[in-house]
Each structure stands twice: as structure tokens, then as C-alpha cells.
Amino acid sequence: MRGLPAGFVVVLGLGLVGATACARGTGPDQTLDHYGLALKNHDFAAAYDLMSSGFRVKVSREDYVRTMRDNAREVNETADRLRGKKGSMEVSAEFEYGLGDTMRLVQEGGQWRVATYPLGFYDQSTPKAALRSFIRAYRLERWDVMLRFVPNSYREKMDARKMQAQFTGPSREQMENLINTLEANVDEPITERGNDARMSYGDRYNVQFLKEDGAWKLKDLD
């Protein structure tokens with residue numbers, strides 16, 4: 001789509017994350033109806049008013065209206081699909097905590113229920129998830145879990161006891177400072193190239209990641 005600002009695609013997708021959050025005095029279903037009608041009538045100012053405050057901080061009214069006008073075919077298709085929507089609507093909420101972890105809740109029968117998979121304490125599906133999991137394992141002194149983040153080429157030389165000694169021995173203070181710095185920079189951008197990834201942090205440090213057997217591991221911390 002032409003002229004679309006970063007993060008703007010949510011406006012034209014079926015999920016309509018921003019649009020379901022805002023119509024005062026109405027439920028999500030009515031909000032989508034109002035939004036779809038505004039798109040159908042090309043009343044983009046009214047459609048913009050239905051977007052969440054978080055969205056409006058990122059995208060100005062002018063950018064929104066211009067992009068909608070430049071993509072009339074996509075706008076009309078979205079309006080038609082919203083008018084023909086079928087099935088039940090799931091109302092959800094998301095809470096962020098800890099090292100960027102999120103907890104998703106859904107409304108069922110008038111009650112809020114936790115919908116996030118609760119057992120994924122040490123996710124390695126992405127480099128950032130692996131870094132957060134590594135820090136969590138260190139904080140909880142799960143030396144056995146920390147072995148999961150060691151690349152295969154080093155794994156045969158390590159065990160839980162050696163891992164503990166590395167982080168709690170004579171270099172304990174240095175390691176603690178390193179982890180503190182990592183945690184403070186855990187949201188720095190990560191560059192991925194195939195099975196390798198890198199994150200710069202601090203003044204001169206880098207974390208190198210390696211993907212093996214479908215899981216991201218930490219090859220070097222500095």
C-alpha cells in the first residue's frame with residue numbers, strides 16, 4: 001500500500017486493533033459498525049476519531065486521511081468486509097510486565113480469563129525472547145536452565161556446576177554488572193541475518209546470537 005506510515009496497517013486489517021478500543025458508550029461490535037460506515041462514506045475524520053489514543057500518538061490525522069485517500073480500493077474492501085462480518089467477537093486485554101513479558105486476557109461469559117500460555121518461562125523463539133529468558137534464568141539462579149542458551153560447540157564443555165561457578169565465582173561482581181547492563185538495554189534493536197543475530201548495547205558491547213535446532217542461543221555477551 002502506498003504512503004503507509006509504520007504500524008499503520010492495523011487500520012485496514014480485519015483485526016482492527018486500534019478501532020475496537022475507543023467509541024464511548026458503545027461495545028466493540030458497535031464501534032466496528034461505526035468505523036466501517038465511516039470508511040464506506042469516506043468520512044476519514046470520523047474514522048480517525050474512533051482510533052485509540054495510542055494509535056493517534058503515532059499517526060497524525062493528516063497522515064491517516066492522506067493514506068486512506070491514496071488507498072481507496074483497500075478502504076472500500078475493508079468497509080465491505082466489516083459490513084459482512086460474521087461470528088462472535090472476542091474482547092481481549094493485554095498487560096505488560098517484567099522484562100517485556102505480556103499477559104493476554106479474554107472475556108468469557110462476562111468474566112476475564114488469562115489466555116496466555118502460562119508455561120513458557122524460557123522462550124527461545126526469537127533472539128529478544130532468548131535474551132530475556134537468559135536474564136530470568138540468571139536472576140532465579142537456574143544454572144541448569146542457562147545451559148539451554150549455550151551453543152552446541154560449547155555445550156559439551158559445560159554443566160550446571162561450571163555455569164554456576166562462572167557467574168558466582170571470582171568474577172561474580174563483573175558478571176552481575178554485565179547482566180544489569182543487559183537488562184537495562186534488553187529492548188535495543190536486534191539485527192538478524194539467517195541463523196545469526198547481533199544486538200549492540202552500552203558504549204561498546206555486543207550480544208551475538210546463534211540459532212540452533214530451532215532455538216536461539218547466546219554465543220557471546222560482550
Side-chain angles (χ1 to χ4, degrees), residues 5-10 15 17 52 54-55 57-58 90 92-106 112-222:
F8 195 68
V9 69
V10 294
V17 175
S52 71
F55 177 88
V57 166
K58 298 176 182 178
E90 181 182 85
S92 64
E94 193 170 84
F95 171 70
E96 184 172 323
Y97 65 100
L99 292 172
D101 296 300
T102 58
M103 185 72 72
R104 182 169 170 268
L105 301 96
V106 298
W112 285 99
R113 307 291 185 189
V114 175
T116 300
Y117 180 68
L119 305 179
F121 297 118
Y122 300 105
D123 183 12
Q124 292 177 255
S125 61
T126 67
K128 182 167 289 189
L131 179 59
R132 288 170 173 162
S133 297
F134 179 82
I135 295 172
R136 175 179 288 114
Y138 170 81
R139 296 298 185 201
L140 297 177
E141 299 185 352
R142 289 296 308 272
W143 316 115
D144 57 328
V145 173
M146 290 178 70
L147 291 174
R148 302 179 191 176
F149 303 91
V150 178
N152 294 340
S153 57
Y154 306 128
R155 178 68 177 82
E156 61 185 23
K157 303 174 184 177
M158 292 293 292
D159 57 28
R161 183 180 55 82
K162 291 179 179 179
M163 180 69 73
Q164 180 179 5
Q166 180 175 340
F167 283 88
T168 63
S171 301
R172 180 187 185 108
E173 184 176 349
Q174 179 183 349
M175 289 299 185
E176 178 70 18
N177 290 336
L178 176 65
I179 296 297
N180 288 340
T181 304
L182 279 173
E183 186 169 339
N185 292 275
V186 72
D187 288 320
E188 288 296 315
I190 296 176
T191 302
E192 292 185 40
R193 291 188 176 87
N195 291 327
D196 294 293
R198 180 184 295 268
M199 184 191 86
S200 298
Y201 70 100
D203 295 330
R204 54 187 176 86
Y205 301 112
N206 291 281
V207 181
Q208 296 181 47
F209 302 88
L210 177 65
K211 190 175 184 180
E212 294 181 325
D213 305 319
W216 284 97
K217 302 177 182 180
L218 281 68
K219 185 177 180 180
D220 192 2
L221 296 179
D222 58 6

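Position 1 is the first residue of the sequence; numbering continues from there.
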(request) Measure the spacing between CG of L221 and OG1 of T181 and express it to the nearest 0.5 Å. (result) 11.0 Å
(request) Please check if the side chain of K217 supplies one atom and the backbone of E212 the other of a donor-acceptor pair under 3.5 Å. (result) no
(request) Take R132 and D187 through the test side chain to side chain contact (heavy atoms under 4.5 Å, CB included) and record every step on the way to the result. (result) CA-CA 9 Å; R132 288 170 173 162; D187 288 320; 2.8 Å; yes
(message) Side chains of V186 and Y201, heavy atoms from C-beta outward: is any pair under 4.5 Å?
(response) no
(message) Could you measure the distance from the CE atom of M146 to the CD1 atom of I135? Nearest 0.5 Å is fine.
(response) 10.0 Å
(message) For the CG atom of N206 and the CG atom of D220, what is their distance to the nearest 0.5 Å?
(response) 8.5 Å
(request) Give a yes or no answer on whether the side chain of Q166 reaches the backbone of M158 with a donor-acceptor pair at less than 3.5 Å. (result) no
(message) M163 vs V150, test: side chain to side chain contact (heavy atoms under 4.5 Å, CB included). Steps then yes/no.
(response) CA-CA 10 Å; M163 180 69 73; V150 178; 3.5 Å; yes
(request) Determine, stepwise, if the pair T116 / T102 fulfils side chain to side chain contact (heavy atoms under 4.5 Å, CB included). (result) CA-CA 8 Å; T116 300; T102 58; 5.7 Å; no
(request) Measure from the side-chain N and O atoms of R136 to the backbone N and O of F121, and report whether any donor-acceptor pair falls under 3.5 Å. (result) yes
(request) Report, as yes or no, whether the 6.0 Å neighbourhood of atom CZ on F167 holds more than 12 heavy atoms from other residues, nucleotides or ligands. (result) yes
(request) Identify the two heavy atoms, one from R139 and one from E183, that lie closest to each other, and give their separation to 0.1 Å. (result) NH2-OE1, 2.8 Å
(message) With heavy-atom distances below 4.5 Å as the criterion, would you say the side chains of L131 and L218 are in contact?
(response) yes
(request) Ignoring hydrogens and angles, tell me if any N or O in the side chain of D213 forms a donor-acceptor pair with the backbone of A215 under 3.5 Å. (result) no
(request) Would you check if D196 and L210 make a side-chain contact, meaning some heavy-atom pair closer than 4.5 Å? (result) yes
(message) Can you tell me how far apart OG (S125) and NZ (K211) are? Round to the nearest 0.5 Å.
(response) 8.5 Å
(request) Output yes when a side-chain donor or acceptor of Q124 lies under 3.5 Å from a complementary backbone atom of W216, and no otherwise. (result) yes
(request) Going by the side-chain contact (heavy atoms from CB on, under 4.5 Å) test, name the single residue among M199, R198, E192, K219 that passes it with F209. (result) M199
(request) Verify side chain to side chain contact (heavy atoms under 4.5 Å, CB included) between Y138 and L178, making sure each step is shown before the conclusion. (result) CA-CA 11 Å; Y138 170 81; L178 176 65; over 6 Å; no
(message) Taking atom CZ as the centre, does R172 end up with more than 12 heavy-atom neighbours from other residues, nucleotides or ligands that are less than 6.0 angstrom away?
(response) no
(request) Walk me through it: do E96 and R104 pass the test salt bridge (charged side-chain N to carboxylate O under 4.0 Å, His left out)? (result) CA-CA 9 Å; E96 184 172 323; R104 182 169 170 268; over 6 Å; no
(request) Compare every heavy atom of L147 with every heavy atom of A160, then report the nearest pair and how far apart it is. (result) N-CD1, 3.5 Å
(request) Without swapping roles, check the side chain of S171 against the backbone of Q174 for a donor-acceptor pair under 3.5 Å. (result) no
